[in-house]
Amino acid sequence: MEVTYLAAINQALHEEMRRDENVFVMGEDVAELGGAFKVTEGLLEAFGEDRVIDTPISEALIVGAGVGAAVLGMRPVVEMQFSDFISCAFDQIVNSAATLRYRHGGRAACPLVIRAPSGAGIHGALFHSQNPEAWFTRVPGLKVVAPATAYDAKGLLKAAIRDNNPVVYFEHKRLYRSVREDLPEGEFVVPIGVAELRQEGRDLSVITYGGTVHQVLDAARILDKEDKVSVEVLDLRTLLPLDREAILATARKTGKVLVVHEDRLTGGIGGEIAALIAEHAFDALDAPVRRLAALDTHTAFSPPLEEYILPNTNKIVEALRSLAAY
Amino acid sequence: MEVTYLAAINQALHEEMRRDENVFVMGEDVAELGGAFKVTEGLLEAFGEDRVIDTPISEALIVGAGVGAAVLGMRPVVEMQFSDFISCAFDQIVNSAATLRYRHGGRAACPLVIRAPSGAGIHGALFHSQNPEAWFTRVPGLKVVAPATAYDAKGLLKAAIRDNNPVVYFEHKRLYRSVREDLPEGEFVVPIGVAELRQEGRDLSVITYGGTVHQVLDAARILDKEDKVSVEVLDLRTLLPLDREAILATARKTGKVLVVHEDRLTGGIGGEIAALIAEHAFDALDAPVRRLAALDTHTAFSPPLEEYILPNTNKIVEALRSLAAY
Amino acid sequence: MDDVNGAPTPAGPELNARLEFELNLYYQMKLIRAFEDRVSRLHRQNKILGGVYSGAGQEAIVTGICSALRPGDFVAPLHRDLGVFLMMGVDPGRLMAQLMGKENGLSRGKDSFLHGGDLEHGIFGSTSMLGSSLPIAVGAALKFQIKREKQVAVAFFGEGAASRGDVHEAMNFAGVRRLPVIFVCENNRFAYSTPLEKQMAIEDVAARAEAYGFKGHVVSGNDLLAVVQIAERVIGRTRDGGGPALIECKTYRYRGHSEHDPALYRDKEELLEWQSRDPIPRYEFYLEKRGHDVRHVREQIDERTRQVVQAAVDFAENDAFPEPQEALEDLYAPPAGPANLNGRS
Amino acid sequence: MDDVNGAPTPAGPELNARLEFELNLYYQMKLIRAFEDRVSRLHRQNKILGGVYSGAGQEAIVTGICSALRPGDFVAPLHRDLGVFLMMGVDPGRLMAQLMGKENGLSRGKDSFLHGGDLEHGIFGSTSMLGSSLPIAVGAALKFQIKREKQVAVAFFGEGAASRGDVHEAMNFAGVRRLPVIFVCENNRFAYSTPLEKQMAIEDVAARAEAYGFKGHVVSGNDLLAVVQIAERVIGRTRDGGGPALIECKTYRYRGHSEHDPALYRDKEELLEWQSRDPIPRYEFYLEKRGHDVRHVREQIDERTRQVVQAAVDFAENDAFPEPQEALEDLYAPPAGPANLNGRS
Ligand SMILES: Cc1ncc(C[n+]2csc(CCOP(=O)(O)OP(=O)(O)O)c2C)c(N)n1
Ligand SMILES: Cc1ncc(C[n+]2csc(CCOP(=O)(O)OP(=O)(O)O)c2C)c(N)n1
Ligand SMILES: [Mg+2]
Ligand SMILES: [Mg+2]
């Protein structure tokens, strides 16, 4: 049966809570309402008030309490209602959670998942469109994932819940209901840290993740058809740790790389990826590593502004053509 | 007279508070104590309790109240006692302050300076050694500066106070008393957004800022003397907006670039700089852009660990030799 | 309010002014209701995109509190406080343009709904991050204190936002420095779907004030007269150097959390109960006691608000969308003296 | 405490156990004082680097509170609470090695001073960010509640940290869910240089508890007996499902904020006044009333603490520094069952 990205996340929560009674869910409006996006729907009925917990509007508390429960062996899955509000829990994530094992000399662990609905393109404006992933990919001790498909959404969430470290899990709001696929019947997980080659290609590589993966695939199809240019598409899936081997392999293979993300250009993880390639695949490059990302501004509300700011299939096609012509 | 980096900051505060009565200082222990590092010493006596304000331990309040006063035309200079605690004010900086003008359609401004003593190498361990700059350099609406000399410390702080936008001002704790120079008598400012060529060179370029500038200069002297290799040293001084022209100019000139910072490698601004160069000076490069930075971990406490983690002159010399030999 | 008739028998100039003031509040409250009803409708028609948070049922709070403010005061509204903009004199057309993302909206299309502030009218455009505007209002009050200005800052917040750490930090510092700031809690018993008892273990947010060294007041937020009275008293005291205060207004949200929300988690009985406390008929009853011909007044005012709202919609619909490249404008203020700061770059 | 003589006349087994318990607390308090004095000295000798925050003068608080804890309870100490580590049974040698950044320190040299926790002994290693440990203690209490365990979580915090937003969020949620957590405020009247009146407009942090729906208690933090009594009562009640509580212990910091701080901002008279309330002689006076030969007890215990502290110093000085490459260890936990989580990677 076809399952949406959103339903896939919901399935993962159900399955993991059934599998391990230490898993519990906590956040604003996650219980009776089932979450602002209905991601946690049905959990209250299935697992009761002890394991599906509505909190006051207290992001620092939500993450901090998650840390406290996690060090005692629970596996909390906490929700930021929108990833934009993760800024209110910043200290608890980058300090309390990320340094926990380190400052305990390896004698403690923090198996915590922070779910954060992120991303733009839904008229969410400045505070309901953010892509905050690069604030966290520079923090050792954390893991960061950003699935683009229903399969990965489910498999990565299950892996994140089973992981013994704090994982920030970015789920893209625009994909919730726009992306769907058949999921295998049985149990599966998607390993953290492993990128996925969505499409093999010969001429160019695109490295991307999350909200822009489908736009890139669309663009690749257009290039294949209209330009007879064969584009390889690497979906990172995990943003920390990066799958360096996969990144360098595709760069070495095609010699021309475009990095695409919906996050802003400056300070987005595209810089890190371009730098990695420029340093470690220098000899293999036939063209400069290019980046296509949101413009260096906030995600404005008015449709013409939002459209101008965000990457889209057309802009990706253009960038690919320009790179192909280099 | 020789003035330390610390005294230079103190001078800037005195001068600007004298010049403009809308400037005031606020933070923990900034008044009677004169700050944990004595940076605000003497201000209380000179300007009184109305303009030198001790606050409770409330970082979000400190920044938030700064924003509120700033939109009404004041010029608050607020202090984080250590830059590590800036994580507790994160939302107020990246959302309240950084988006302020934008969300008011250009009809408001937020002339706020956030001073943040940062940096490692003083046995400060995980929570008194952080280099948080790259969390902010990815946020449009902010400016970010990080002086390395007494002259710049003074001139950039004065420029920051006069700037009509929120400026995060990172002052490196290790430089407070270890760096000093003669300052000109008269009034001067150092413009935000302009990098400084600390040393001209022919063979290699190093791009750096803040705590590692002096180590790089030492390393450059060693290379000059022992290897007859001429190293150009660019001190960024401003981290947002980056001085792209200066960065690309030195890259094009020498064709070999090493980026050095005390911040961690992954997600530090070195990635952004390397990406810029790799994209826009591709043809001029004779070697991959290399980066030398703190290792991807937290700044550990024990001396052998801290030493192992942080960049230093020896490590820079080695990296330069390796790059020179490429 | 010179065009409204049906006034009671003539009296002294002071009473007359009061009567006019009171009638004007009625007009304002009705205008807010009418404007918001229209906004809800425009949202269903897809003419307003993004989140829309109706303040229907809570109009008496913003009307009453803002009635005690003066030019130069500072207000940070909450996400449901469209009424603050109208009360503070923002042009309804520009407000509607803001909601539609148009060029002449307060934020020039940059941000949605109420995040576009209007500092010319003393309104700070709060971010979405609930509670974050309280430290900012405290900073405004700090400016008034430093400059010895007889102004006040007002921060509105929901009982939901009251759980945020920023609220604590703000109130504590306001208490320490005895700042001229008034915290107004609109306690509508729900934060999205979360009822009061899951948000706090006490009944009154106002009880917190004492823990910060100032006084907390509780008032019916559906009783405009009561809100006006407490606002005049408390804000007046704060303005005169009496230090901060908290006013908690008990009320209820009529519509869903946002226009997307059918609010199935709520008890229909409870809604009915609160709708029977609607601030508008309640205030009409008062006006009647005052001797006004309420039916006549209502008709006139309904006509007037209808015209104002329609004019606002017309203005906004005819307004252009911003040019795409404007996305990169308004990020940084140019180097200019403080006087120019509120000018565009 | 079998080796301490000078006990009062024999009595029933229950009283005997109590007397032993009381003498042991005396030993613990003395050990903390001796250990911290030595730490201050080692800091001056540059054998301990980084920030050192002495709890001298405040020993009765950690001693009394921890005396009511049981295995499996959870404690988040504040930066001055070295005594918590000793009270909870952490080996003094490993604690000293922690302070010196040695391999066998709690954090294996990773972090400084008290940031290395020891979960085997129930101690959470708090970050430096003041107040951030309160949400975490609340999370521990949530685990106890979910799992129906008769354990409690305790979070120590200074009156300075009380101004942080995290403290508010933590207390509010604890109140809502009636969690088994006790918040212990060590109110030593200063946050670094900042005196109480610049931190809050009220006298007692304990007054805040009611605003979260639970009870706040005030006790002299320099009176070990009083702290023990309230700890037994309040923690016992919380353990039995009575919900959260706040205990505020009034006390005073003897030394500077850290060993770097001469604390010139403080009134010498005030220090003198508080030193005259030193918890150790005060408790000795009680022991005397109990019939102990205090001079004899003190001599024996001084000798014992001297030996314990010296052994700790010897252990730590002989301990190796970690190997440089260990800097990259302990960042991530390996994939293993929860049982293994506290094992090293
Ligand atoms: C920090 C933060 N967390 C979560 C949200 C999402 N959110 C928006 S409104 C709302 C409920 C607000 O409740 P309340 O403060 O009582 O105001 P009301 O909507 O009832 O007027 C929530 C949870 C937010 N905007 N900011
Ligand atoms: C969030 C945060 N801000 C600032 C500091 C710096 N700092 C360390 S201790 C301290 C004073 C703490 O006062 P209090 O909580 O009363 O504890 P005490 O030191 O008096 O025991 C300050 C300001 C910090 N550690 N964390
Ligand atoms: Mg509400
Ligand atoms: Mg204190």
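As the structure is a prediction and not an experimental result, all values here were calculated from the model. Residue numbers begin at 1 in each chain, while the letters A, B, ... track the order of the sequences.
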Straight-line distance of C:Leu331 CG to B:Thr99 OG1, nearest 0.5 Å: 10.0 Å
Choice from C:Glu326, C:Gln98, C:His115 maximising heavy atom contacts with chain B below 4.5 Å: C:His115
Toward chain B, the part of C:Ala327 with a non-hydrogen atom under 4.5 Å: both
Any donor-acceptor pair under 3.5 Å from B:His104 side chain to C:Leu119 backbone: no
Engaged part of C:Ile123 at the chain B interface, taking heavy atoms whose separation is under 4.5 Å: backbone
Check: B:Gly106 main-chain N/O paired with C:Arg108 side-chain donor or acceptor under 3.5 Å: no
Which atom of B:Arg103 lies closest to which atom of C:Ser107, heavy atoms considered: O-CB, 3.0 Å
Over 12 foreign heavy atoms within 6.0 Å of CD, C:Glu149: yes
Side-chain donor-acceptor pair present, C:Asp166, B:Gln92, cut-off under 3.5 Å: yes
Greater than 12 external heavy atoms within 6.0 Å of B:Glu21's CD: no
Any donor-acceptor N or O pair under 3.5 Å, side chains B:Asn95, C:Ser132: no
Verdict with supporting geometry, C:Lys147 and B:Asp50, salt bridge (charged side-chain N to carboxylate O under 4.0 Å, His left out): CA-CA 9 Å; C:Lys147 295 291 190 185; B:Asp50 262 359; over 6 Å; no
Step-by-step side chain to side chain contact (heavy atoms under 4.5 Å, CB included) determination, B:Arg101 to C:Lys110: CA-CA 10 Å; B:Arg101 186 171 177 81; C:Lys110 297 302 196 316; over 6 Å; no
Contact class of C:Ser112 relative to chain B, heavy atoms under 4.5 angstrom: neither
Residues, nucleotides or ligands: over 12 heavy atoms within 6.0 Å of C:Arg70 CZ: no
Top contributor to chain C contacts, counting heavy-atom pairs under 4.5 Å, from B:Ile57, B:Leu100, B:Leu142, B:Val63: B:Leu142
Residue pair C:Lys143 / B:Asn22, side-chain donor-acceptor N/O under 3.5 Å: no
Contact summary for B:Asn164 and C:Pro334, nearest pair of heavy atoms: ND2-O, 2.8 Å
N/O donor-acceptor pair under 3.5 Å between B:Arg107 side chain and C:Asp118 backbone: no
Heavy-atom side-chain contact between C:Ile136 and B:Ser96 under 4.5 Å: yes
Flag side-chain contact, heavy atom, 4.5 Å: B:Phe24 against C:Ile146: yes
4.5 Å side-chain heavy-atom contact, C:Arg177 and B:Ile53: yes
Structural part of B:Ile62 lying under 4.5 Å from a heavy atom of chain C: neither
Trace of the side chain to side chain contact (heavy atoms under 4.5 Å, CB included) decision for C:Phe124 with B:Val71: CA-CA 9 Å; C:Phe124 179 77; B:Val71 287; 4.2 Å; yes
Pairwise side-chain contact, B:Ser58 with C:Phe173, heavy-atom cut-off 4.5 Å (strictly under): no
Non-hydrogen side-chain atoms of B:Met26 and C:Leu142 separated by less than 4.5 Å: yes
Heavy-atom donor-acceptor pair, B:Asn165 side chain to C:Ala333 backbone, under 3.5 Å: yes
Contact class of B:Glu49 relative to chain C, heavy atoms under 4.5 angstrom: backbone
Closest contact, heavy atoms only, B:Leu61 versus C:Glu169: N-OE1, 2.9 Å
Donor-acceptor under 3.5 Å (C:Tyr332 side chain, B:Gly141 main chain): yes
